[in-house]
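Taking it in order: structure first as structure tokens, then the write-up.
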Amino acid sequence: MSFGTLAPPRAVGILGGMGPAAGADFVRLFVQACSVYLQAHGLEVKDQAYPEHWLVQMPVPDRTQALQTDPQAPTGPAPHMLQGVGRLAALGVRSVAVACNTAHVWHGQLQALFPQLRILHIAHETAAFLRAQGIDKVMVLATAGTYQTGLYHAALQAQGIAMVVPNAQGIDQLMQGIYTGVKQGDLPLATRCFGEVLQGLQQQHGKLPVVMGCTEIPLALPQSAAAQGVELVDPAWILAQALAKQAYEA
């Protein structure tokens, strides 16, 4: 099979910067997802087979902090994300992935202002993936902002999937691992924080599949002892596969 029997891939975009390490890692996941797609469809894996893809890696104000104050503040994340998606639209992309879970609180606003684009939704893609796998109960590790807005709860509930989350102390520990750990380059601290939260949940609920609902968590949780032998679900990888499909099939 060649691209003679498959439409040439379309340009796609990635909105990053939330944080920068997660945005850069998402590009790696997207390229990997493209390789998997090409191999699955019997296409030659070569440089020229990969779609044009653009990463807008711009500083975006803290999403969780904005949710605790004013989500639409002119100094908050919304104007920056709108500007970033606008730049991607100007580059001719047709589909966009947002490399941050909490930022999907503004998904509806972004989609409404850019109807010519398809902006993928990380929680909806993840919930559909879990349902297809026959999974009906998961643990979700995420930011305080993601929990506060019910981002994953709504998407999972729509697919009939139950959700287990940490207590307030566990959420604080996750935030420490994300902000003081991954975002400041202290991965050992992040691994310890994430692992301790997961271990506490396992003592109460057993070894359920774990949705790593923040793009920083997959950078450190897999190295923890508590994560060994556990099914870790990376929404960023699911989103990357969905973006690759958009590039090749949309």
Side-chain angles (χ1 to χ4, degrees), residues 15-19 21-23 25-26 29 60-68 71 77 81 97-108 120-130 135 137-159 161-183 187 189-202 204-205 208-224 226-227 230-240:
L15 181 62
M18 304 174 281
D25 192 59
F26 189 85
L29 292 174
V60 176
D62 188 82
R63 280 70 59 204
T64 296
Q65 186 177 23
L67 292 171
Q68 294 170 348
M81 288 192 290
V98 180
C100 171
N101 284 264
T102 310
H104 283 74
V105 171
W106 291 271
H107 176 275
L120 299 172
H121 194 294
I122 195 168
H124 294 169
E125 297 290 343
T126 300
F129 169 84
L130 293 170
I135 295 172
K137 188 175 184 179
V138 295
M139 296 177 184
V140 177
L141 303 186
T143 66
T146 295
Y147 291 130
Q148 175 188 338
T149 59
L151 185 71
Y152 274 95
H153 181 268
L156 292 170
Q157 187 177 49
Q159 294 288 350
I161 301 170
M163 170 177 158
V164 171
V165 303
N167 58 21
Q169 181 181 353
I171 294 173
D172 287 343
Q173 198 166 6
L174 287 177
M175 296 297 281
Q176 181 186 7
I178 292 167
Y179 283 85
T180 310
V182 177
K183 289 183 183 293
L187 290 183
L189 171 64
T191 299
R192 184 171 73 252
C193 289
F194 298 158
E196 289 176 358
V197 174
L198 178 56
Q199 186 176 34
L201 286 173
Q202 289 171 341
Q204 298 179 58
H205 305 282
L208 296 170
V210 178
V211 174
M212 298 181 288
C214 169
T215 45
E216 265 86 19
I217 290 177
L219 302 179
L221 178 63
Q223 292 88 305
S224 72
V230 175
E231 182 177 357
L232 299 178
V233 179
D234 185 357
W237 170 236
I238 295 170
L239 186 65

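- Counting heavy atoms from C-beta outward, Asn101 and Thr215 have side chains that approach closer than 4.5 Å.
- Checking side-chain atoms of Tyr152 against main-chain N and O of His124 turns up no donor-acceptor pair under 3.5 Å.
- For His153, the NE2 atom is loosely surrounded, since the number of other residues' heavy atoms within 6.0 Å does not exceed 12.
- In this structure, the side chains of Lys137 and Ile161 stay at 4.5 Å or more apart for every pair of heavy atoms.
- A donor-acceptor pair under 3.5 Å links the side-chain atoms of His104 to the main chain of Cys100, judged by distance alone.
- Ile135 and Glu231 make their closest contact through CD1-OE2, 3.7 Å (heavy atoms, listed as atom of the first residue, atom of the second, distance).
- By the 4.5 Å heavy-atom criterion applied to side chains, Tyr147 and Pro166 are counted as neighbours.
- Between Leu156 and Leu130 the shortest side-chain heavy-atom distance falls below 4.5 Å.
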List the steps and the verdict of side-chain contact (heavy atoms from CB on, under 4.5 Å) for Phe194 and Gln199.
-> CA-CA 9 Å; Phe194 298 158; Gln199 186 176 34; over 6 Å; no
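- For the pair His107 and Ile122, the minimum side-chain heavy-atom distance is 4.5 Å or more.
- Remark: the backbone N or O of Arg63 is not paired with any side-chain donor or acceptor of Trp106 at under 3.5 angstrom.
- Under a 3.5 Å cut-off, the side chain of Glu216 and the backbone N or O of Lys183 do not form any donor-acceptor pair.
- A distance-only check finds a donor-acceptor pair linking the side chain of Gln148 to the backbone of Leu67 [under 3.5 Å].
- Listed here is the closest heavy atom pair of Ala155 and Ala123: CB-O, 3.6 Å.
- A side chain to side chain contact (heavy atoms under 4.5 Å, CB included) with Val210 is found for exactly one of Val138, Ile217, Val233, Leu198, namely Leu198.
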Apply the test side-chain hydrogen bond (donor to acceptor under 3.5 Å, both in side chains) to residues Ser224 and Thr191: give CA-CA distance (whole Å), side-chain angles for both, the deciding distance (0.1 Å), then the verdict.
-> CA-CA 6 Å; Ser224 72; Thr191 299; over 6 Å; no
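- Contact annotation: the side chain of Cys193 never approaches that of Leu174 to less than 4.5 Å [non-hydrogen atoms, C-beta and beyond].
- Between Pro77 and Val60, the shortest heavy-atom distance links the atoms CB-CG1, 3.6 Å.
- Among all heavy-atom pairs drawn from Pro235 and Gly213, the shortest one is CG-CA, 4.4 Å.
- Two residues are said to be in side-chain contact when any heavy atoms from C-beta on lie closer than 4.5 Å; Val211 and Met139 fail this criterion.
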For the pair Asp234 and Leu29, evaluate side-chain contact (heavy atoms from CB on, under 4.5 Å) and give the outcome as yes or no after the intermediate values.
-> CA-CA 10 Å; Asp234 185 357; Leu29 292 174; 4.2 Å; yes
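- Contact record, Ala21 with Leu219: CB-CD1, 4.3 Å, taken as the closest heavy-atom pair.
- Between Val182 and Ala220, the shortest heavy-atom contact is CG2-CB, 4.4 Å.
- To the nearest 0.5 angstrom, Ile178 atom CD1 is 11.5 Å from Leu189 atom CG.
- Counting heavy atoms from C-beta on, the side chains of Cys214 and Thr146 never come closer than 4.5 Å.
- With hydrogens and angles disregarded, a donor-acceptor distance shorter than 3.5 Å links the side chain of Gln202 to the backbone of Ala226.
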